[in-house]
Every structure is written in structure tokens, then in C-alpha cells.
Student: 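Below you will find the structure I want to go over with you.
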Amino acid sequence: MSECIFCRIAAGEIPADIVANDDEFIAFRDLHPLAPTHVLVVPKRHLRSLDEIEAFGDAAAGRMLRFTAAAARSAGVATSGYRVVSNTGPDAGQEVDHLHWHIIGGGPLGGMV
Ligand code: 5GP
Ligand code: ZN
């Protein structure tokens with residue numbers, strides 16, 4: 001059994017509030033939301049962070065972006081707008097060492113970036 005929390009969620013070993021799911025990716029609501037809508041997009045293949053994207057391949061990386069836009073539509077924020085963030089490494093405060101994007105939205109987000 002994997003020690004990685006996101007691998008375990010992807011395998012269905014730990015429950016999550018799933019927004020979108022296919023063979024390669026899963027999107028589920030963050031346990032500690034920072035905005036009215038806060039969804040995590042995770043590839044089912046374990047990669048530590050965006051820094052390992054080369055190992056993923058261009059086609060899979062493209063499908064992850066498309067899946068992310070579809071997950072935002074499923075979460076109901078495509079029209080109102082949203083932000084996609086990927087914390088990568090210590091200075092970004094990455095807590096879970098499995099590549100993921102945050103989709104945050106559901107209200108005005110302010111001007112962080
Ligand atoms: P990071 O700081 O690594 O970019 O973000 C990790 C995110 O995963 C955090 O926002 C945290 O709330 C979320 N998280 C950590 N463990 C779990 C979990 O078991 N279930 C869900 N749904 N979210 C989690
Ligand atoms: Zn993992």
C-alpha cells in the first residue's frame with residue numbers, strides 16, 4: 001500500500017469528495033478549502049511535483065490541462081472564473097509530494113498574482 005496520500009485517494013483507498021475522474025486523473029475537493037470552491041487535480045501516476053513534468057510526457061501533460069478545465073466546469077466555476085496554482089517545492093510550501101494543481105474560485109480571489 002502506498003504511503004502517498006494522493007496515490008491512496010486515486011486508488012480509492014481513502015474517501016474524497018470527487019468532482020471528476022477518469023483513467024489518468026482525479027479531481028476532488030480540498031479537505032481544508034481556502035476559497036468557496038477549492039478542488040485538487042491529481043494525476044493517478046505518482047510524480048513528486050511539477051519539476052518532474054518531463055517524465056510525464058507532453059501528451060499526458062496536455063491531457064492534465066484539459067482535465068483541469070473540465071474539472072473547473074464540473075465544479076461550477078468556469079463562467080465565474082478561477083485560479084490554478086501548483087505549489088512546487090519548499091519555498092512554495094508544498095505539503096503533499098504528489099503533483100497537483102489547486103483550482104480555487106467561487107468568489108473574488110484578490111490579486112495574489
Ligand atoms: P500543497 O501545499 O501540497 O500544494 O497542498 C496540499 C493540499 O492537500 C492542502 O491544501 C491540503 O488541505 C490538501 N490535503 C491534504 N491531505 C488531504 C486529504 O487527505 N484529503 C483532501 N481532500 N485534501 C487533502
Ligand atoms: Zn502519490
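We count ligands from 1, going down the list as the structure has it; atoms in each ligand are counted the same way. Every value quoted in this text rests on a predicted model; they were computed, and no experiment measured them.
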Student: Treating Gln94 as the side-chain partner and Gly89 as the backbone partner, does any N or O pair qualify as donor plus acceptor under 3.5 Å?
Tutor: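 Yes; at least one donor-acceptor contact below 3.5 Å.
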Student: For atom CZ of Arg83, decide whether the heavy atoms of other residues, nucleotides or ligands shown that lie under 6.0 angstrom number more than 12.
Tutor: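 Atom CZ in Arg83 is packed in, count exceeds 12.
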Student: What is the nearest protein non-hydrogen atom to atom 22 (N) of ligand 1, stated with its residue, atom name and distance?
Tutor: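 Nearest protein contact, heavy atoms only, for atom 22 (N) of ligand 1 is Arg29 O, 2.9 Å.
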Student: List every atom of ligand 1 that sits less than 4.0 Å from any heavy atom of Glu95, numbering the atoms from 1 in the order shown and giving each element.
Tutor: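 So the answer, numbered in order with elements, is 1 (P), 2 (O), 3 (O).
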Student: Considering just N/O/S atoms, say which atom of His46 is closest to the Zn ion (ligand 2).
Tutor: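 Among the N, O or S atoms of His46, the one closest to the Zn ion (ligand 2) is ND1.
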Student: Is Phe25 linked to Leu50 within one hydrophobic cluster, defined over Ile, Leu, Val, Met, Phe, Trp and Tyr using a side-chain heavy-atom separation of less than 4.5 Å?
Tutor: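 Yes.
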Student: Show which atoms of ligand 1 fall inside a sub-4.0 Å distance from at least one heavy-atom site of Gly93.
Tutor: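 What qualifies from ligand 1 is 2 (O).
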Student: Phe6 heavy atoms, cut-off 4.0 Å: which ligand 1 atoms fall inside?
Tutor: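 Answer for ligand 1: 8 (O).
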Student: How many angstroms lie between atom CG of Asn87 and atom CG of Leu99, to the nearest 0.5 angstrom?
Tutor: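 Rounded to the nearest 0.5 Å, the CG-CG separation comes to 11.5 Å.
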Student: If the Zn ion (ligand 2) is the vertex, what is the angle to SG of Cys7 and SG of Cys4, rounded to 10 degrees?
Tutor: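 Rounded to 10°, it measures 120°.
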Student: Can you tell me the N, O or S atom of His98 that's nearest the Zn ion (ligand 2)?
Tutor: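 The closest N, O or S atom of His98 to the Zn ion (ligand 2) is ND1.
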Student: Rounded at 0.5 Å granularity, tell me how far SG in Cys4 sits from NE2 in His46.
Tutor: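 Here the rounded value is 5.0 Å.
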Student: Below a 4.0 angstrom heavy-atom separation, can you tell me which part of Leu40, side chain or backbone, both or neither, approaches ligand 1?
Tutor: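 Only the side chain of Leu40 comes within reach of ligand 1.
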Student: Under a heavy-atom criterion of less than 4.0 Å, does Ala16 contact ligand 1?
Tutor: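 In this structure, Ala16 fails to qualify as a contact of ligand 1 - no heavy atom is under 4.0 Å.
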Student: Between Glu24 and Arg63, does any NZ, NE, NH1 or NH2 come within less than 4.0 Å of an OD or OE carboxylate oxygen?
Tutor: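 A salt bridge links Arg63 with Glu24.
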Student: When you look for heavy atoms under 4.0 Å from ligand 1, do you find them on the side chain of Leu34, its backbone, both, or neither?
Tutor: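 Looking at Leu34 and ligand 1, no heavy atom falls under 4.0 Å.
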Student: Would you say Ile9 touches ligand 1, if touching means a heavy atom closer than 4.0 Å?
Tutor: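 Within the 4.0 Å threshold, so yes.
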Student: Considering only heavy atoms, does Trp101 approach ligand 1 within less than 4.0 Å through its side chain, its backbone, both, or neither?
Tutor: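 Neither; nothing of Trp101 gets under 4.0 Å from ligand 1.
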Student: Backbone, side chain, both or neither: what part of His100 comes under 4.0 angstrom of ligand 1, heavy atoms only?
Tutor: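 Answer for His100: side chain.
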Student: Without swapping roles, check the side chain of Glu52 against the backbone of Arg48 for a donor-acceptor pair under 3.5 Å.
Tutor: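 It does hold such a pair.
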Student: Would you say Asp51 has more than 12 foreign heavy atoms packed within less than 6.0 Å of its CG?
Tutor: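 No.
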Student: What's the shortest distance from atom 15 (C) of ligand 1 to any protein heavy atom, and which residue and atom give it?
Tutor: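 So the nearest neighbour among protein heavy atoms is Val96 CG2, 4.1 Å.
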Student: With under 30° as parallel and over 60° as perpendicular, where do the rings of His102 and His38 fit, or are they tilted in between?
Tutor: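 Geometry flag for His38 against His102: tilted rings.
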Student: Judged on heavy-atom distance to atom 9 (C) of ligand 1, which of Val39, Asp30, Ile5 sits nearest?
Tutor: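 Shortest heavy-atom distance from atom 9 (C) of ligand 1: Asp30.
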Student: Which of the numbered atoms in ligand 1 are under 4.0 angstrom from any heavy atom belonging to Asn87?
Tutor: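 Under 4.0 Å from Asn87, ligand 1 has these atoms: 1 (P), 2 (O), 4 (O).
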Student: Of all the heavy-atom pairs spanning Asp23 and Lys44, show the shortest one and how long it is.
Tutor: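 Scanning both residues completely, I find the closest heavy atoms to be O-CD, 3.4 Å.
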Student: Name the atoms and distances for all side-chain donor-acceptor pairs under 3.5 Å in residues 65-78, with sequence neighbours left out.
Tutor:
from  : atom 1 : to     : atom 2 : distance (Å)
Thr68 : OG1    : Met64  : O      : 2.7
Thr68 : OG1    : Trp101 : NE1    : 3.0
Ser74 : OG     : Ala70  : O      : 3.2

Student: Which atoms of ligand 1 have any heavy atom of Phe28 under 4.0 Å away?
Tutor: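 That gives atoms 21 (C), 22 (N) of ligand 1.
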Student: Please work out whether any backbone atom (N, CA, C, O) or any side-chain heavy atom from C-beta onward of Leu31 is under 4.0 Å from ligand 1, and answer side chain, backbone, both or neither.
Tutor: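 For Leu31, backbone and side-chain atoms both sit under 4.0 Å from ligand 1.
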